[in-house]
Amino acid sequence: MQPLIYSSESLNIELKNREVDVTDDQFHKLILYMDGRPLQKSADNNHQEVAAHWNGSQLVSDEKSPLGGKMSRTFELSQDGRNLQETLHIDNGRSKTPLVIRYVYDVASSDMQTGPESDPNRPVLKRRPDDSSNSPQ
C-alpha cells in the first residue's frame, strides 16, 4: 500500500499505439495495455502490466489492490493540458466505502525537459506539492 499512498514526485508518460507506459522517479514502470492482450504476471514490483480502457478522455485500469480487493486507477489530463490527475479507487473489502486517493501532476516546464524527455509523446509530469491549507474536495 505504501507506493500507492506515498506517490512519486514525477512521472514520465510514454504514449504508444495501444499502450501507455508510466515510469516514476524511482524507475517503477506501469504499463497500461488497451488491446486485450494476455498480461505477464510479474513478481517484480518495479514492473507491472495492467489492462486498461478509455472512458471518454479518461484512461482507466482495473487492477487487484494490495489488500486483495478491486482497485481502479484513472488518469485524466486537465482541459487546459497543464496537469494530469491520477485517481485511485481502492476497495478495502472491510467496509463498503472505498479509499479514494488523488494526485495532481503538473506538466514540467520546457527548461526542465531535456534529452529524450523533451519528446511530446513522453511528457514529464511533476507532482503538485501538497498544500495542507486547502480543504479536501
Side-chain angles (χ1 to χ4, degrees):
M1 281 294 289
Q2 269 190 327
L4 297 176
I5 294 172
Y6 301 106
S7 183
S8 305
E9 289 299 315
S10 66
L11 297 178
N12 186 342
I13 309 286
E14 186 171 1
L15 308 172
K16 297 183 178 179
N17 188 19
R18 297 294 294 163
E19 77 181 65
V20 175
D21 296 351
V22 181
T23 307
D24 69 13
D25 54 355
Q26 299 297 311
F27 302 103
H28 299 121
K29 189 171 192 173
L30 173 68
I31 303 172
L32 300 135
Y33 291 113
M34 281 92 49
D35 58 5
R37 74 177 74 181
L39 302 175
Q40 299 287 328
K41 189 83 165 169
S42 176
D44 181 7
N45 286 337
N46 292 330
H47 180 94
Q48 294 180 318
E49 296 181 0
V50 297
H53 63 277
W54 288 102
N55 183 12
S57 63
Q58 298 177 330
L59 179 59
V60 181
S61 72
D62 292 313
E63 306 172 44
K64 187 174 181 178
S65 81
L67 300 172
K70 294 181 181 180
M71 178 176 91
S72 70
R73 186 185 316 243
T74 303
F75 292 97
E76 183 171 22
L77 191 61
S78 65
Q79 287 185 340
D80 63 8
R82 293 184 182 185
N83 62 58
L84 177 86
Q85 292 184 10
E86 176 185 15
T87 306
L88 302 166
H89 291 268
I90 304 168
D91 176 13
N92 64 15
R94 295 185 183 145
S95 78
K96 304 250 186 251
T97 306
L99 174 63
V100 178
I101 302 170
R102 176 172 290 144
Y103 296 105
V104 178
Y105 294 90
D106 295 319
V107 176
S109 61
S110 59
D111 60 333
M112 293 176 69
Q113 296 188 25
T114 58
E117 291 83 13
S118 65
D119 182 345
N121 288 326
R122 296 179 67 197
V124 175
L125 304 159
K126 299 288 183 184
R127 190 179 73 180
R128 183 174 290 172
D130 297 333
D131 184 356
S132 59
S133 65
N134 287 343
S135 61
Q137 297 181 14

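On a predicted model such as this, the values are computed, not experimentally measured, just so you know. Atom set for the values below is all heavy atoms of this structure, side chains included, hydrogens, waters and symmetry mates excluded.
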Under the criterion side chain to side chain contact (heavy atoms under 4.5 Å, CB included), I'd like the reasoning laid out for Q26 against N46: C-alpha separation, chi angles, the key distance, then a yes or no. CA-CA 9 Å; Q26 299 297 311; N46 292 330; over 6 Å; no
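- Using a 4.5 Å heavy-atom cutoff, the side chains of R102 and T87 are in contact.
- Under the 4.0 Å criterion applied to side-chain N and carboxylate O atoms, D21 and K29 are assigned as salt-bridge partners.
- Considering CG of D24 and OG of S10, their distance stands at 7.5 Å, rounded to 0.5 Å.
- Cluster membership for Y33 and L15, using ILVMFWY side-chain heavy atoms within less than 4.5 angstrom, is not shared.
- In this structure, R18 contributes its side chain and M34 its backbone to a donor-acceptor pair below 3.5 Å.
- Once rounded to the nearest 0.5 Å, the distance linking CE of M71 with CG of D91 reads 11.5 Å.
- From I90, atom CD1 reaches atom NZ of K64 across 14.5 Å, with rounding to the nearest 0.5 Å.
- Both L88 and L99 are assigned to one and the same hydrophobic cluster, defined by single-linkage of ILVMFWY side chains at heavy-atom distances under 4.5 Å.
- Scanning both residues, H47 and I31, for their nearest heavy atoms gives CE1-CD1, 3.4 Å.
- A single hydrophobic cluster is not seen to contain both V60 and I101; linkage of ILVMFWY side chains at heavy-atom distances under 4.5 Å, directly or through other members, places them apart.
- The CG atom of L11 sits 11.0 Å away from atom OH of Y103, with the distance rounded to the nearest 0.5 Å.
- The CG atom of L59 lies 10.5 Å from the CD atom of E86; values are rounded to the nearest 0.5 Å.
- Connection of W54 to L84 is established within a shared hydrophobic cluster, with ILVMFWY side chains joined at heavy-atom distances below 4.5 Å, either directly or through further cluster members.
- Closest approach of L39 and A51 over heavy atoms only: CD1-N, 3.4 Å.
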Given the rule in the side chain to side chain contact (heavy atoms under 4.5 Å, CB included) test, do R73 and L30 qualify, once you have shown the distances and angles that lead to the verdict? CA-CA 11 Å; R73 186 185 316 243; L30 173 68; 3.7 Å; yes
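- Side chain to side chain, E76 and Q85 fail the donor-acceptor criterion of an N or O pair below 3.5 Å.
- The CG atom of L32 lies 10.5 Å from the CD atom of E49; values are rounded to the nearest 0.5 Å.
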